[in-house]
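What you see is a predicted model; the values in this text were computed from it and never measured. By convention in this document, chain letters (A, B, ...) are assigned in the order of the sequence lines, proteins followed by strands, and residues within each chain are numbered from 1.
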Amino acid sequence: LKFEPSELPKISNHQGDELVLSKDALLELMMAVLAKGRGFRFKAKGWSMIPFIRDGDVITVDPITSEPCQLGQVVAFRSTDERCLVVHRIVARTDAGYLIQGDNAMNESDGIIRHEQLLGQVSRVERNGRRIWLGQGPGRVFIAWLSRGGYLAHLRLSLMGLRDKIRKLLPR
Amino acid sequence: MMTLNLESVLIPSEDIVAREIEGELIIVPLVAGIGDMEDELFSLNEYAKVIWRQLDGKQSLDAIVDILAGEYDADREEIAGDVLGFVGELTRRGMLVEV
């Protein structure tokens, strides 16, 4: 039984969310790109890295090198169930590996992750086409300390509360 | 710029990642060392997938047209035109290279 082709052979470019891939599919593609020694760029989902990375920001991840990672660096690794990519910050370095935590977590870390478990390091974050500061420069040790203590999350909540109070005081 | 004809033998470029996942054939070009999954994610329709699977760097396009002519109810010449048009576009995009 033969079928007549219903349309010409076609390739389509999908930008943004046009092609909805499952977490598993996206992770498979990311792993395939890393296996070629290349980095990748993708849209972040979730709020665990607020204020530095927000839901919808576009992140560039470079392959990890054999060089030890630095305190305050933002790295990528597979989640415990291996179904998605986690992008969090190194908040301490130990003999066993790196203590990793999301900036929006209050003292709740991902535990110790060994260097061999790391897949990549975040080199760039974009929001609405503009590059965002990721706190990986000279202030990274301080940012890591703030993140580890949960102070970034507390600070953010305090600032939000202050903003709400100011709004209420302002005449309408 | 190379000229493609039915004697050409093509293979996917080293500068892409192609995977069949969840029924879709996805191609990610690796431009400047980066696989851009936000703005440069490509997929193929069913007819294109059948052609892509045959591009193994061993068979000529002519041999691929023969295989397709056995599968599709269409003129061989028409299929040859479809194949040349499709691989021409992918070659221009740097997704296929001639062996």
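B:L4 and B:I16 fall within the same hydrophobic cluster, defined by Ile, Leu, Val, Met, Phe, Trp and Tyr side-chain heavy atoms under 4.5 Å apart, directly or through other members. A:L34 is not connected to A:V75 by any chain of hydrophobic side-chain contacts under 4.5 Å among Ile, Leu, Val, Met, Phe, Trp and Tyr, and they are in different clusters. Put simply, A:I53 and A:Y98 are part of two different groups of oily side chains (I, L, V, M, F, W, Y) that touch within less than 4.5 Å, one to the next. Side-chain heavy atoms closer than 4.5 Å link hydrophobic residues (I, L, V, M, F, W, Y) into clusters, and following such links, possibly through other members, connects A:M49 to A:W145. In terms of hydrophobic clustering, with Ile, Leu, Val, Met, Phe, Trp and Tyr side chains grouped at heavy-atom distances under 4.5 Å, A:F77 and A:M31 are assigned to different clusters.
Here the CD-NE2 distance, from B:E24 to A:H14, works out to 6.5 Å after rounding to the nearest 0.5 Å. Atoms CG and CZ, from B:D36 and A:R38 in turn, are 13.5 Å apart once rounded to the nearest 0.5 Å. If you take CG on A:L8 and OH on B:Y47, they are separated by 7.5 Å, rounding to the nearest 0.5 Å. Note that CD1 of B:I34 and CZ of A:F40 are 9.0 Å apart. Values are rounded to the nearest 0.5 Å.
Ion pair A:K43/B:E38 flagged as a salt bridge, since at least one NZ, NE, NH1 or NH2 atom sits closer than 4.0 Å to an Asp/Glu carboxylate oxygen.
The most heavy-atom pairs under 4.5 Å with chain A, out of B:A48, B:S43, B:G33, come from B:S43. Note: A:S22 leads A:A35, A:S22, A:G37 in heavy-atom pairs under 4.5 Å with chain B. Note on B:I26, B:I51, B:V28: by heavy-atom pairs under 4.5 Å with chain A, the leading option is B:I26.
Contacts from residues 54-68 of chain A to chain B, taken as heavy-atom pairs separated by less than 4.5 Å, involve A:V58, A:T60, A:D62 in sequence order. Residues from residues 128-137 of chain A never place a non-hydrogen atom less than 4.5 Å from a non-hydrogen atom of chain B.
B:N45 places no side-chain N or O within 3.5 Å of a backbone atom of A:I11 that could act as its donor or acceptor partner.
Within the 4.5 angstrom heavy-atom criterion, atoms from both the backbone and the side chain of B:E40 approach chain A.
Closest approach of B:M37 and A:F42 over heavy atoms only: CB-CB, 4.4 Å.
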From CA spacing to verdict: salt bridge (charged side-chain N to carboxylate O under 4.0 Å, His left out), B:E14, A:K36
CA-CA 9 Å; B:E14 280 295 307; A:K36 287 207 164 203; 3.7 Å; yes
Would A:L29 and B:L41 satisfy side-chain contact (heavy atoms from CB on, under 4.5 Å), going step by step from the backbone distance to the final call?
CA-CA 10 Å; A:L29 278 176; B:L41 205 57; 4.1 Å; yes
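At most 12 heavy atoms of other shown residues, nucleotides or ligands fall within 6.0 angstrom of atom CD in A:E108.
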